[in-house]
Amino acid sequence: MLEMLLITYRDQFGVEFPLEKCEGMSEIDVINLVYNCLDSNKPFDGNTEVKENRFPYAPGLK
């Protein structure tokens with residue numbers, strides 16, 4: 001899922017998502033962050049916050 005979101009982000013904004021800024025975050029948090037950027041049509045600016053888990057039933061979550 002993350003890979004597809006990253007490809008979509010690149011296609012939508014014309015740049016790669018800055019994964020290096022997400023060091024230490026869980027994969028589901030990065031997924032939610034990228035998804036939020038795509039959904040709001042706003043590229044990541046370093047201040048983007050994820051207010052909710054959009055994928056509460058993703059594998060590996062309780």
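Residue numbers run from 1 in the order of the sequence given.
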### ring-ring contact (aromatic ring centres under 6.0 Å, His included) contacts touching residues 26-51 (sequence neighbours left out)
Phe17-Phe44, Tyr35-Phe55
### Task
Kindly state each residue pair satisfying salt bridge (charged side-chain N to carboxylate O under 4.0 Å, His left out) with at least one member in residues 32-44, sequence neighbours excluded.
Asp39-Arg54
### Task
Provide the closest heavy-atom pair for Leu38 versus Phe13 in the form atom of the first, atom of the second, distance.
CD2-CE1, 4.0 Å
### Task
Kindly give the heavy-atom pair with the smallest separation between Pro43 and Cys37, and that separation in Å.
C-SG, 4.2 Å
### Message
Asp45: which residues meet the side chain to side chain donor-acceptor pair (under 3.5 Å) condition with it, sequence neighbours left out?
### Response
Thr48
### Message
Please enumerate all residues that pass side chain to side chain donor-acceptor pair (under 3.5 Å) together with Asn36, with sequence neighbours excluded.
### Response
none
### Message
For residues Val34 and Ile7: do they belong to one hydrophobic cluster (side chain heavy atoms under 4.5 Å, members Ile, Leu, Val, Met, Phe, Trp, Tyr)?
### Response
no
### Query
Who pairs with Asn41 by side chain to side chain donor-acceptor pair (under 3.5 Å), at least two apart in sequence or on another chain?
Gln12
### Same apolar cluster: Met4 and Val15, side chain cutoff 4.5 Å
no
### Message
Quick check for you: to the nearest 0.5 Å, what is the distance between Leu5 atom CG and Ile31 atom CD1?
### Response
6.5 Å
### Query
Rounded to the nearest 0.5 Å, how far does CE of Met25 lie from CG of Asn32?
8.5 Å
### Query
For residues 19-31, which residue pairs qualify under side-chain hydrogen bond (donor to acceptor under 3.5 Å, both in side chains), counting only residues two or more places apart or in two chains?
Ser26-Asp29
### Message
With a 4.5 Å cut-off on side-chain heavy atoms, are Cys22 and Leu33 touching?
### Response
yes
